[in-house]
Amino acid sequence: MVYRAPRWIIIVVGIIACLWVVPIIGIIATSFQTPESIARGWWHFSQNQLTLNAWKKVWSDYPLANSLWVSTKVTLLATVLTMLTAPAAAYVFHYLRFPLRRTSLIIIINAFVLPQQVVIIPLFRLWREMGMLDNIWAVIIPYVGLSYAWSVFLVKSFLEDFPNDLIEAARIDGCGPISTFTRVVLPNLISPIFACGILQFLWCWNSLLLPMLFLRNDVTLTVLLARISGTYDPNIDQQAVAAIVTAIVPLLVFLIFQRQFAVGNRVSSGGKE
């Protein structure tokens, strides 16, 4: 039997969706208008003048292409490292027995509530003494470390429902911990691994605090977006252009991998595909 939602729910969801889309339309319209038209109101399409000046100015006056490359490089490296190491850590905490295992897991999970601002000053002093300021690894390493709190928990939640018979069968066949992980567990962790990758990608791509503090010359798109706002002139049209470019990549990633994202939500809530 197919359940059909009441009509009032469809109407309410439709209204919310329309309200959600309005700011996106406003940003796109703002990027094609002059500052005078924006001051009049971006929704006055019949009176406002459409132009590509903001797009040309951003690409000519700011290193938008270089920032796009830096954001892509930093985000991909942090995402791949998290996707490779988080499943292994979750497997170790779930199946292996070693001293202080539970204490270590509690410390890692509790880091989920630790604000980034708490580690900024110690990290800045450490990177300065090591000469790593203005190095992309000064951003990638905290990205990966701070993501363990939720990525390990997400994968471990999936392993709670993993059949122990497969683990026992692998041990009977003579597989050690590494062989059991690579040959039995890892092939069945595709969904939570992709879920971790999507969440990590979106978080790293949209992050502003760490790149703004640790990078100087080659900056990410979010830092460039903050720099476009002038001291006396807000440059709203140029900010709209940078915001559109910044939002395109994570939007495409979400649309392509939305199925894995949905599976990751079910896994994190205790369900199983």
Side-chain angles (χ1 to χ4, degrees), residues 10 13-33 38 42-43 45 50 52 54-59 62-83 86 116 136 139-140 143-144 146-147 150-151 154 190-212 215 218-229 235-269 273:
I10 298 176
V13 172
I15 294 174
I16 295 175
C18 291
L19 294 176
W20 191 271
V21 171
V22 168
I24 300 177
I25 298 176
I27 292 176
I28 297 175
T30 299
S31 66
F32 291 102
Q33 296 183 5
I38 297 173
W42 61 264
W43 52 90
F45 293 102
L50 299 181
L52 293 174
W55 287 85
K56 297 177 181 178
K57 191 173 182 60
V58 167
W59 282 100
Y62 299 94
L64 194 60
N66 183 66
S67 295
L68 179 61
W69 165 242
V70 173
S71 291
T72 303
K73 181 169 55 175
V74 170
T75 304
L76 286 179
L77 286 173
T79 301
V80 170
L81 288 175
T82 300
M83 295 174 67
Q116 295 185 28
I136 62 172
V139 178
I140 295 174
Y143 277 165
V144 177
L146 292 174
S147 68
W150 57 267
S151 59
L154 191 151
I190 301 301
S191 294
I193 288 175
F194 268 95
C196 288
I198 294 171
L199 293 173
Q200 176 75 343
F201 187 94
L202 296 176
W203 175 57
C204 295
W205 185 271
N206 295 319
S207 180
L208 172 64
L209 181 60
L210 295 179
M212 183 173 60
L215 299 181
D218 296 331
V219 298
T220 60
L221 279 174
T222 52
V223 178
L224 183 66
L225 178 59
R227 291 182 177 180
I228 288 178
S229 178
N235 298 328
I236 297 178
D237 53 340
Q238 299 173 36
Q239 290 188 62
V241 174
I244 293 172
V245 175
T246 305
I248 285 177
V249 174
L251 179 61
L252 292 176
V253 170
F254 179 79
L255 291 177
I256 295 173
F257 299 102
Q258 57 182 330
R259 182 177 179 273
Q260 285 78 8
F261 184 81
V263 171
N265 287 337
R266 291 195 293 272
V267 170
S268 62
S269 62
E273 187 180 18

Between C196 and W150 the two heavy atoms that sit nearest each other are O-CH2, 3.5 Å
- So do V70 and V219 actually touch side chain to side chain, heavy atoms under 4.5 Å? no
**Q.** Stepwise side chain to side chain contact (heavy atoms under 4.5 Å, CB included) check, V139 with L215
**A.** CA-CA 8 Å; V139 178; L215 299 181; 3.9 Å; yes
- Task: Give the C-alpha distance, both sets of side-chain angles, the deciding distance and a yes or no for side chain to side chain contact (heavy atoms under 4.5 Å, CB included) between I140 and L81.
- Result: CA-CA 9 Å; I140 295 174; L81 288 175; 4.1 Å; yes
When every non-hydrogen atom of Q238 is compared with those of Y62, the smallest separation belongs to OE1-CE1, 3.4 Å
For L208 and A226 the tightest heavy-atom approach is CD1-CB, 4.5 Å
Is there a side-chain contact between L221 and V249 in this structure, where contact means two heavy atoms from C-beta onward sitting under 4.5 Å apart? no
Shortest non-hydrogen pair, A242 vs T246, comes out as O-OG1, 2.7 Å
Side chain to side chain contact (heavy atoms under 4.5 Å, CB included) filter on A240, not counting sequence neighbours, yields I27, T30, S31
Checklist line | K73 atom NZ: more than 12 heavy-atom contacts under 6.0 Å | finding: yes
So CD of Q200 and CG of L76: to nearest 0.5 Å the spacing works out to 11.0 Å
Discussion item. Could you walk me through whether L199 and L154 satisfy the side chain to side chain contact (heavy atoms under 4.5 Å, CB included) test, starting with their C-alpha distance in whole Å, then the side-chain angles of each, then the deciding distance to 0.1 Å, before giving a yes or no?
Written reply: CA-CA 11 Å; L199 293 173; L154 191 151; 4.1 Å; yes
**Prompt:** Can any side-chain N or O of T82 pair as donor or acceptor with the backbone N or O of V144 at less than 3.5 Å?
**Reply:** no
Practice prompt. Check whether any side-chain N or O of S71 sits under 3.5 Å from a backbone N or O of L68 as a donor-acceptor pair, and report yes or no.
Written response: no
Here the gap from D237 atom CG to L52 atom CG, rounded to the nearest 0.5 Å, amounts to 11.5 Å
Verdict with reasoning, T220 to L225, per side chain to side chain contact (heavy atoms under 4.5 Å, CB included)
CA-CA 9 Å; T220 60; L225 178 59; over 6 Å; no
Tightest non-hydrogen contact, residues V223 and M212, listed as CG2-N, 3.6 Å
Between the CD1 atom in I198 and the OG1 atom in T79, the distance rounded to the nearest 0.5 Å is 10.0 Å
Rounding to 0.5 Å, atoms CZ (F32) and CD1 (I244) come to a distance of 6.0 Å
Residue set satisfying ring-ring contact (aromatic ring centres under 6.0 Å, His included) with F201, at least two apart, ordered chain then number -> W205
Heavy atoms of A78 and Y143 approach each other most closely as CB-CB, 3.8 Å
In this structure, CG of L202 is separated from CG of L251 (nearest 0.5 Å) by 10.0 Å
